[in-house]
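The first residue in the sequence is number 1, and the count goes up from there. The structure displayed is predicted, hence computed values, not measured ones. Read the numbers this way: they start at 1 and go in the same order the structure lists the ligands and their atoms.
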Amino acid sequence: MPTALDALLSDVPGMPAKIVKALAKEQVMTVGEIVAWLPFRHEDRRHMEGASFQVSEIPACYRVQVTKTGNKYFGARRGAGLFEAQVEPMGGAAMGGLLTLRWWNMPFMSRAIAEGQELIIYGKVKEFKGRLLMDHPEYEVLGDEEETVKIHSGRITPVYRLKAGVTQKTLRTAAWHVLQSLGNAFTQDLLPVPSPKGEFAGWTRARAVKAVHFAETMEDLEKARRYLALEEFYGYQLRVVRRRRAVLEAGGHAHVAGPLAREFAESLPFEMTGAQKRSLEEIQRDMASNAPMNRLLHGDVGSGKTVVAFAAMLGAVESGKQAALMAPTQILAEQHFQTARKWLEPLGLNVALRTGTRAEEGGVELFNKKTSSKNDILIGTHALLHDENLVRNLGLVVIDEQHKFGVAQRARLIQKGNTPDVLVMTATPIPRTLTLTVYGDLDVSTLDERPKERGKIITKVRPATKQAEAAKFLLEQLEAGRQGYLVYPLIEESEKLDATAAKKGHEVWAKLLPHFQVGLLHGKLSAEEKDAVMREFRAGKLDALVSTTVIEVGVDVPNATVMYIHHAERYGLAQLHQLRGRIGRGTHTSYCVLFVKDKDEEAKSRLAIMEETTDGFRISEEDLKRRGPGDVMGKAQSGQAPLKFAELLADTRLVRLARQLAEKTLDEDPLLMAPRLAEVRGFVFQEDEPGAMRQ
Ligand code: ADP
Ligand code: MG
């Protein structure tokens, strides 16, 4: 009789009692819990090396005997020191040299390893001053049973992420006996039966789960991981596809753009790029239909999203509705507001600004009061959410830098309208391979063309010691009438991070740039103070601005052509790219210098891509390669439980397959009544936040 998933571990044939006991201490009692505890990596221990130790960069597996152990202490601190165990290969002592295993700062190792013991070790053998060494090897102490050897070595060996009190060996032994005891049909499939010609022909969840723990071949292991990833992505896609369909079914209103939009385009001081025109057409087409729009405008920094948003907003206004634009910071809301006044007031529109602080002062800034008492265009921060009087009749909601908002905040603003059209904007250049997952329930318009007549940006990575030269260069630029940003990572001196604080930086730069006005902007200033500084910088009253990363998002001062980023090694590529996007917005050539710690070769190599390109998509792809999709998606995916197989998200083929399967399932079975779907039904139909209509 094969075991069932709800069976107790103590009932699994062959399961050692001490393993059951160790797991029970951590409240792990059932077969199912062990099955679900997936290994996070594997070691290829199939080939046990021969009778002598080989120096190699590739980790290898040896069976050895301990001949000697000892602790070495350095200094007075207890626990600081080195535990060494000398080992010889089993049955081959005479042929090769001895190997020394070393564990640093782990004095308790002396209790785990003793002379005479037989071990399986796994790690890299290196040579140092004539000695063969292996630092912090993976190891198993072997008892006599052949079974133990078979579980832990001579195979592709799973490595689990451990919880307190459970050792690798305990868990692996438990998993081994559990999987031996399970038949081939211990679990139902979530995925529809794979087509006999496809990649997954012959695979079931049961087979994949078994192989992901104890695979016989690397090919099987890879296939099993892909199968389980497909399953996970399928659940996720069922949810986004379902949500998308629900939005369409809810019905919306047609917002048809009229002459105003054309007038607006003609009044602009520039011609829209092809990408802007195309995106606007896509948006206007969505808005004109009865179904509500749910679209993402995805464009690199400086690609000109704001103009497109304003043009779209006119469509709502011309249909007798309001349009709202929500920005994540006051500085940004202010900036949009000023642009709106400049561009939209002449067309006879009423523009209102609502941010937190103004509300505290008891009001809203209204303009163009004379034409009408209605406010057509609302611009603000999340304070818009709390304004009951201002927001009355929303036809379009635009959310700028959407990744800065929580799902709940977005939903709240959307709910203020009666199924309004929704346009979210982001400058996070998510690689195309990931958009389908991250923005699976949105239609995507991409601004992949920079406005012409833009100056180039020249970027250099330099050691911090070159700052004096850089100051000379900045002086020349300021003398030519340009402006510059000097970016520091922190406001206060922090011992831990050893950062040069922005305040101190301000003192330094004020001296380096005599005769020029140097401003200071950081997060501890009040919103009014920040606004005042930004306004002065924008108006050209300040020549240089020392700032923390509060300028990161959206700020647009085309005359600024220089940006020096101090401690650039502390930033991620995506963040550097966002920061750099503040320059190169006018027609002049711009210059970005990334100062890194002297001799920080790792940082230099990581940041080299910034010298090569200003294309945010390329940079994010580089980021993807270096950090993996889990990290890159980070916030973009916020509110979502982390995926177990996130590293396979970049596999577009797999994600597309999941999408196709999900579409097909929902066509055939919109309420997911099939028994195999019971386990995801709750996840698919659950809303992110209580009362949230949609993302
Ligand atoms: P982002 O996409 O980063 O939000 P913005 O909307 O702030 O970019 O636009 C950046 C700057 O480029 C603004 O000063 C804007 O007026 C200008 N701009 C936008 N579109 C064009 C265009 N087609 N040609 C020239 N300048 C443009
Ligand atoms: Mg912007």
Practice item. Just jot down the ligand 1 atoms closer than 4.0 angstrom to any heavy atom of Thr306, in number order. Key: 4 (O), 5 (P), 6 (O), 7 (O)

Practice item. Output the list of atoms in ligand 1 that are nearer than 4.0 Å to some heavy atom of Met272, sorted by atom number. Key: 23 (N)

Compile the donor-acceptor pairs under 3.5 Å between side chains in residues 252-259 and protein atoms, sequence neighbours left out, one pair per line.
{"from": "His253", "atom 1": "NE2", "to": "Asn418", "atom 2": "O", "distance (Å)": "3.4"}
{"from": "His253", "atom 1": "NE2", "to": "Asn418", "atom 2": "ND2", "distance (Å)": "3.4"}
{"from": "His255", "atom 1": "ND1", "to": "Asp421", "atom 2": "OD2", "distance (Å)": "2.7"}
{"from": "His255", "atom 1": "NE2", "to": "Lys321", "atom 2": "NZ", "distance (Å)": "3.1"}

Check your understanding: Is there a nitrogen or oxygen of Arg585 sitting under 3.5 Å from a nitrogen or oxygen of ligand 1?
Key -> yes

Practice item. Could you tell me which atoms of ligand 1, counted from 1 in the order shown, lie closer than 4.0 angstrom to a heavy atom of Val301? Key: 3 (O)

Review point. For Lys277, which residues count as a salt bridge (Lys or Arg N to Asp or Glu O under 4.0 Å) partner, sequence neighbours excluded?
Key: Glu271

Review point. At a 4.0 Å threshold, what atoms of ligand 1 neighbour a non-hydrogen atom of Thr273?
Key: 23 (N)

Practice item. May I ask which of Gly302, Ala427, Ser303, Pro451 has a heavy atom nearer to atom 3 (O) of ligand 1 than the others do? Key: Gly302

Review point. Using a heavy-atom cut-off of under 4.0 Å, does the side chain or the backbone of Trp343 touch ligand 1, or both, or neither?
Key: side chain

Review point. Could you give the distance from CZ (Phe310) to NE2 (His336), rounded to the nearest 0.5 Å?
Key: 6.5 Å

Check your understanding: Once you round to the nearest 0.5 Å, how far does CD of Glu611 lie from CD1 of Ile458?
Key -> 11.5 Å

Exercise for review: Below 4.0 angstrom from a heavy atom of Glu271, which ligand 1 atoms are there? Numbered from 1 as shown, please.
Suggested key: 22 (C), 23 (N), 24 (N)

Point to revise | Under-4.0 Å salt bridge between Arg244 and Asp443 | key: yes

Practice item. Say whether His577 and Asp300, considering side chains only, have a donor N or O and an acceptor N or O under 3.5 Å apart. Key: yes

Review point. Aromatic ring centroids of Tyr591 and Tyr564 under 6.0 Å?
Key: no

Check your understanding: Looking only at heavy atoms, is any part of Asp556 under 4.0 Å from ligand 1, and if so is it the side chain, the backbone, or both, or is it neither?
Key -> side chain

